[in-house]
There are 4 protein chains.
Amino acid sequence: MTGPKTAGGYSRIQTQKRAAIFAAALEIFARHGLRGASLEAIAAEADMSKQNLLYYFDGKEAIFVELIQQLTDLWLEPLAQIDPAGEPVAEVLAYVQRKLVMSQNHPRESRLFATEILQGVPHIKHLYEGPMKAMVDRTVALLQTWMDAGQIRAVDPHDLLFSIWANTQHYADFSAQINLIKPMTREERYANAERFLTDMYRALLVVQD
Amino acid sequence: MTGPKTAGGYSRIQTQKRAAIFAAALEIFARHGLRGASLEAIAAEADMSKQNLLYYFDGKEAIFVELIQQLTDLWLEPLAQIDPAGEPVAEVLAYVQRKLVMSQNHPRESRLFATEILQGVPHIKHLYEGPMKAMVDRTVALLQTWMDAGQIRAVDPHDLLFSIWANTQHYADFSAQINLIKPMTREERYANAERFLTDMYRALLVVQD
Amino acid sequence: MTGPKTAGGYSRIQTQKRAAIFAAALEIFARHGLRGASLEAIAAEADMSKQNLLYYFDGKEAIFVELIQQLTDLWLEPLAQIDPAGEPVAEVLAYVQRKLVMSQNHPRESRLFATEILQGVPHIKHLYEGPMKAMVDRTVALLQTWMDAGQIRAVDPHDLLFSIWANTQHYADFSAQINLIKPMTREERYANAERFLTDMYRALLVVQD
Amino acid sequence: MTGPKTAGGYSRIQTQKRAAIFAAALEIFARHGLRGASLEAIAAEADMSKQNLLYYFDGKEAIFVELIQQLTDLWLEPLAQIDPAGEPVAEVLAYVQRKLVMSQNHPRESRLFATEILQGVPHIKHLYEGPMKAMVDRTVALLQTWMDAGQIRAVDPHDLLFSIWANTQHYADFSAQINLIKPMTREERYANAERFLTDMYRALLVVQD
DNA sequence: GATGAATGAGATTTCATTCAT
DNA sequence: GATGAATGAAATCTCATTCAT
């Protein structure tokens with residue numbers, strides 16, 4: 001009741017502890033999902049007691065929601081950097097590459113996101129209705145403009161985005177499968193992926209005359 | 001110990017009950033994940049008592065494992081149908097289409113599979129070392145032959161497969177996200193997807209001279 | 001309901017099956033006690049199904065009670081053979097020896113009996129009030145006669161019996177402890193025991209003049 | 001995982017609660033055996049909730065093991081008090097008496113111990129290989145010395161110990177049987193027992209010249 | 001006689017959470 | 001801020017037993 005949740009800002013120590021909890025929760029949630037994760041495990045990973053953890057957060061779900069909200073920014077960032085004034089094909093390919101880098105550097109975050117969506121987005125519906133939708137709409141409109149102007153091939157812009165997400169996130173989310181089928185170092189895997197995806201999207205988007 | 005878990009075949013009633021349980025489990029597992037699902041819920045969905053369910057299976061995990069093993073066949077079937085003697089580009093596009101149809105008709109199965117992989121393939125590693133690896137290896141070799149012969153564009157055949165899986169399964173596994181971003185009927189969604197993916201893979205694979 | 005329990009006599013096959021069940025039950029009960037034993041385990045040991053077993057007996061407790069009633073005869077037999085007309089010291093020593101042989105040849109029966117008594121004789125109280133009491137009373141009276149006549153040393157005849165039971169049964173019931181403290185073959189153990197107990201009871205009983 | 005199972009000592013409240021649980025468990029285990037006892041029953045006897053009990057112990061078996069390990073000390077104590085410098089016959093008779101007093105004052109402990117041994121010492125084998133063996137070996141060696149010196153009759157020292165254990169513990173472990181055969185007050189029973197056993201072991205051990 | 005199918009009762013155990021200090 | 005103590009709810013699983021064929 002007297003926890004730091006009511007305060008507007010967080011003290012230094014609170015911020016530190018919360019960060020530690022977020023890191024631990026990310027680890028555990030990514031591995032076991034929301035339901036599969038136990039407070040126990042998160043607390044152990046964060047090197048604190050369950051009760052202390054509950055002093056900082058209202059419960060398991062609360063941690064999860066806050067965590068996944070933070071991830072939204074991470075997820076949207078590559079999209080936000082698309083430059084309407086840039087060269088269209090290059091812009092899309094650069095976006096693909098940024099998403100891929102994100103996958104490589106934040107595989108747990110990616111898996112956490114994937115888990116949430118697989119379960120039907122039960123916790124972050126409001127984000128989709130707010131900032132994400134806005135950003136996606138903006139991008140779709142931009143792609144459509146480029147297509148209308150004949151600067152990239154005319155395909156369904158939504159499907160193009162879905163495809164980029166699917167392809168880039170696949171290397172993080174399904175890495176277990178990839179490793180079983182073709183064992184590689186992470187570097188090799190992502191080098192390969194970049195080459196392949198660049199080829200594919202260039203082939204798709206470049207307009208033949 | 002008590003149930004019909006003895007070796008050999010299953011009687012008619014056993015087969016029926018097991019099928020009912022599998023159907024119910026698929027529904028529940030796809031909705032809540034392995035941990036999130038309760039025997040109670042599966043039993044209710046299958047319209048039987050928990051104990052009766054336990055008479056047929058050793059526990060939740062046992063159902064899950066058997067269920068997901070069955071799904072492997074579903075997953076491999078479209079791959080098995082690739083005809084080495086067919087026209088290469090058409091064969092790959094037909095495979096893409098078959099995978100997409102599978103996604104459309106078996107979204108829960110696809111999500112269940114995705115969950116297993118996301119968690120690191122804890123239950124069916126052995127399948128990857130056996131039948132799945134064999135089938136994938138065969139396909140990769142075939143693609144390589146076609147590439148070497150200049151019949152399809154030379155890309156990494158593994159990445160090509162990963163990409164097809166990622167794209168086609170995405171429409172089932174991440175449908176919650178898709179629906180939030182662009183609400184459509186299922187038919188529209190898959191019609192769009194087919195058009196887009198056909199365009200993309202044709203653009204990628206057809207060799208320009 | 002139609003089981004063989006209502007019949008007066010048993011058919012050949014019934015007798016065989018019941019014998020098999022008794023043997024299995026003895027094994028399992030001696031190892032785990034009444035509560036610790038499961039029908040499952042007894043059925044497995046008897047190489048039949050739980051349901052079949054229940055066709056022959058009304059339940060776990062029923063098997064136990066019948067089994068332990070049978071053992072009573074075994075337990076009383078050495079006592080019954082004491083000859084009032086024999087030489088007193090020799091008769092008692094012979095009784096000790098018979099009990100010891102019984103322990104050696106029927107350790108599981110002995111342990112089963114011990115378990116029942118340890119738990120407070122919940123199932124065979126009536127036996128103690130009937131045949132066992134009669135036989136014990138007879139023996140106590142006989143011992144008392146011999147003591148009164150100065151043929152064996154005068155001690156409390158009840159305590160003498162208790163002591164003989166304790167000593168002889170100890171080698172079967174607590175064999176696990178004995179084996180841990182002084183590993184021996186069964187033959188050695190009982191040879192030692194016989195020598196020791198003969199010495200002890202002769203020293204006790206022989207009247208010095 | 002949650003409870004006070006961390007290494008180190010126990011707080012006052014922990015010590016109290018644990019003691020209460022041990023007392024309750026002793027009562028219940030002695031009455032129903034390990035399998036027959038339920039956490040529910042132990043918790044009720046200890047006047048606490050099942051979950052609170054589980055906060056202190058990992059489960060039924062864990063309580064049992066700790067409890068029976070504690071009893072070992074009780075069991076060894078009378079043995080440890082044998083004085084190598086004392087008068088041999090008197091020392092042994094005093095040991096018999098101490099064991100008998102222990103039986104009289106701790107019948108439930110004795111029965112619990114007996115149960116464990118009857119089942120084949122599944123939980124405390126390690127103790128037999130450690131402290132118990134050491135103490136028994138010491139005593140056997142001492143008895144042998146006395147026998148070699150002609151101070152007590154030469155018999156197998158192990159069998160002598162077994163006999164003392166069997167006789168003294170019998171009055172606690174098999175009291176149900178004794179009560180059925182010869183109802184007495186506890187005081188009478190033990191007074192009788194002491195007289196009888198003293199007679200018997202004196203007759204056995206005193207060396208006639 | 002034998003057995004597959006089903007079930008009710010109950011036991012253990014996990015886990016998020018609350019309370020008091 | 002932190003933690004030891006306690007608890008309610010629910011989930012898994014075991015087991016004796018019944019029923020129908």
Side-chain angles (χ1 to χ4, degrees), chain A residues 1-4 11 13-14 17 35-43 48-63, chain B residues 1-6 10-14 16-17 35-43 48-62, chain C residues 1-4 11 13-14 17 35-43 48-63, chain D residues 1-6 10-14 16-17 35-43 48-62:
Chain A
M1 291 301 171
T2 42
S11 75
I13 189 159
Q14 284 170 4
K17 286 274 190 175
R35 305 282 294 252
S38 77
L39 270 189
E40 186 83 29
I42 298 175
M48 60 176 69
S49 74
K50 247 191 326 189
Q51 297 98 322
N52 195 195
L53 193 155
L54 284 163
Y55 175 73
Y56 286 99
F57 289 93
D58 270 333
K60 189 164 70 159
E61 193 134 332
I63 306 176
Chain B
M1 296 298 172
T2 9
K5 293 140 203 164
T6 45
Y10 295 106
S11 73
R12 232 195 52 238
I13 190 159
Q14 282 171 16
Q16 280 175 5
K17 286 272 188 173
R35 273 298 269 276
S38 76
L39 274 186
E40 184 86 18
I42 298 174
M48 60 176 70
S49 76
K50 234 183 343 185
Q51 292 101 326
N52 195 192
L53 194 156
L54 284 164
Y55 173 69
Y56 286 98
F57 290 93
D58 272 334
K60 194 166 66 163
E61 191 130 334
Chain C
M1 290 301 170
T2 43
S11 74
I13 190 161
Q14 283 171 4
K17 286 273 189 173
R35 302 283 292 252
S38 77
L39 271 189
E40 186 82 30
I42 298 174
M48 60 176 69
S49 74
K50 246 193 324 190
Q51 297 98 324
N52 195 194
L53 192 155
L54 285 163
Y55 174 74
Y56 288 98
F57 289 92
D58 270 334
K60 190 164 71 160
E61 193 135 330
I63 305 176
Chain D
M1 294 297 173
T2 6
K5 295 138 200 165
T6 44
Y10 295 105
S11 74
R12 232 198 48 240
I13 189 161
Q14 282 170 15
Q16 279 175 3
K17 287 271 189 171
R35 273 297 268 279
S38 76
L39 274 185
E40 185 84 19
I42 299 174
M48 59 176 70
S49 75
K50 234 184 342 185
Q51 292 100 326
N52 195 192
L53 193 156
L54 284 164
Y55 174 70
Y56 287 96
F57 290 92
D58 272 334
K60 194 166 66 164
E61 191 129 334

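Chain letters run A, B, ... following the sequence lines, proteins first, then strands; residues in each count from 1. As a basis for the values below, the full set of heavy atoms in this structure was taken, side chains included, without hydrogen atoms, waters or symmetry mates.
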Could you give the [atom1]-to-[atom2] distance, from [X] to [N], as a whole number of Å?
| X | N | atom1 | atom2 | value |
| --- | --- | --- | --- | --- |
| B:K60 | E:dT14 | NZ | C1' | 11 Å |
| A:I42 | E:dA16 | CD1 | C1' | 11 Å |
| B:I13 | E:dA5 | CD1 | P | 6 Å |
| B:E61 | F:dA11 | CD | P | 17 Å |
| A:M48 | F:dA2 | CE | P | 8 Å |
| A:I63 | E:dT17 | CD1 | C1' | 12 Å |
| D:Q51 | E:dC19 | CD | C1' | 16 Å |
| D:N52 | F:dG4 | CG | P | 15 Å |

Taking salt bridge (Lys or Arg N to Asp or Glu O under 4.0 Å) as the test, write out the residues that go with D:E40, two or more places apart.
->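 For D:E40 the salt bridge (Lys or Arg N to Asp or Glu O under 4.0 Å) partners, ignoring immediate neighbours, are D:K50.
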Among all residues two or more places apart in sequence or in another chain, which pass the salt bridge (Lys or Arg N to Asp or Glu O under 4.0 Å) test with A:K60?
->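 Applying salt bridge (Lys or Arg N to Asp or Glu O under 4.0 Å) to A:K60 gives none.
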Taking atom P in both F:dA20 and E:dG1, compute the distance separating them and give it to the nearest angstrom.
->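 My reading of the P atoms in F:dA20 and E:dG1 gives 22 Å.
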Mind checking the CD1-CE spacing from A:I42 to A:M48? Nearest 0.5 Å is all I need.
->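 Output value for this atom pair is 11.0 Å.
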Would you give the length of the straight line joining atom CG of C:L54 to atom CG of C:L39, rounded to the nearest 0.5 angstrom?
->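 So the CG of C:L54 and the CG of C:L39 are separated by 5.0 Å.
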Does [X] put a side-chain nitrogen or oxygen below 4.0 Å from OP1 or OP2 of [N]?
| X | N | answer |
| --- | --- | --- |
| C:S49 | E:dT3 | yes |
| B:R35 | E:dC15 | yes |
| B:Y56 | E:dA6 | yes |
| B:K50 | E:dT7 | no |
| B:K17 | E:dA6 | yes |
| A:S11 | F:dG1 | yes |

Do you know the tightest heavy-atom contact between B:S49 and B:A43?
->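 In terms of heavy atoms, the two residues are closest at C-CB, 3.9 Å.
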Apply side-chain contact (heavy atoms from CB on, under 4.5 Å) to C:E61 and list each qualifying residue two or more places apart in sequence or on a separate chain.
->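 Checked C:E61 against side-chain contact (heavy atoms from CB on, under 4.5 Å); matches are C:L34, C:V65, C:H123.
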Name the nucleic acid region contacted by [X], choosing base, sugar-phosphate or nothing; use a 4.0 angstrom heavy-atom cut-off, strictly under.
| X | result |
| --- | --- |
| A:A43 | nothing |
| C:A41 | nothing |
| C:A62 | nothing |

Taking the nucleotide of DNA chain F with the closest heavy atom to each, which residue, C:L39 or B:L39, is nearer the 5' end?
->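 Final value for this comparison: B:L39.
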Watson-Crick or G-U stems involving DNA chain F, each at least 3 pairs long, distances under 3.5 Å, ordered by first number |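 DNA chain F stems, ordered by first number: E:2-21 with F:2-21.
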Base E:dG4 paired with B:Q14 side chain (donor-acceptor, <3.5 Å) =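 A donor-acceptor contact between them is absent.
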Map A:G36 and C:L53 onto DNA chain E by nearest heavy atom, then report which one ends up closer to the 5' terminus.
->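 Of the two residues, C:L53 wins.
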Candidate nucleotides E:dG4, F:dG4, F:dT14, ranked by approach to the side chain of D:Y55 - the nearest |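 Per side-chain heavy atoms of D:Y55, the pick is F:dG4.
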Name all residues meeting the side-chain hydrogen bond (donor to acceptor under 3.5 Å, both in side chains) criterion together with D:K17; count only those two or more places apart in sequence or in a different chain, and write none if there are none.
->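 So D:K17 forms a side-chain hydrogen bond (donor to acceptor under 3.5 Å, both in side chains) with D:N52.
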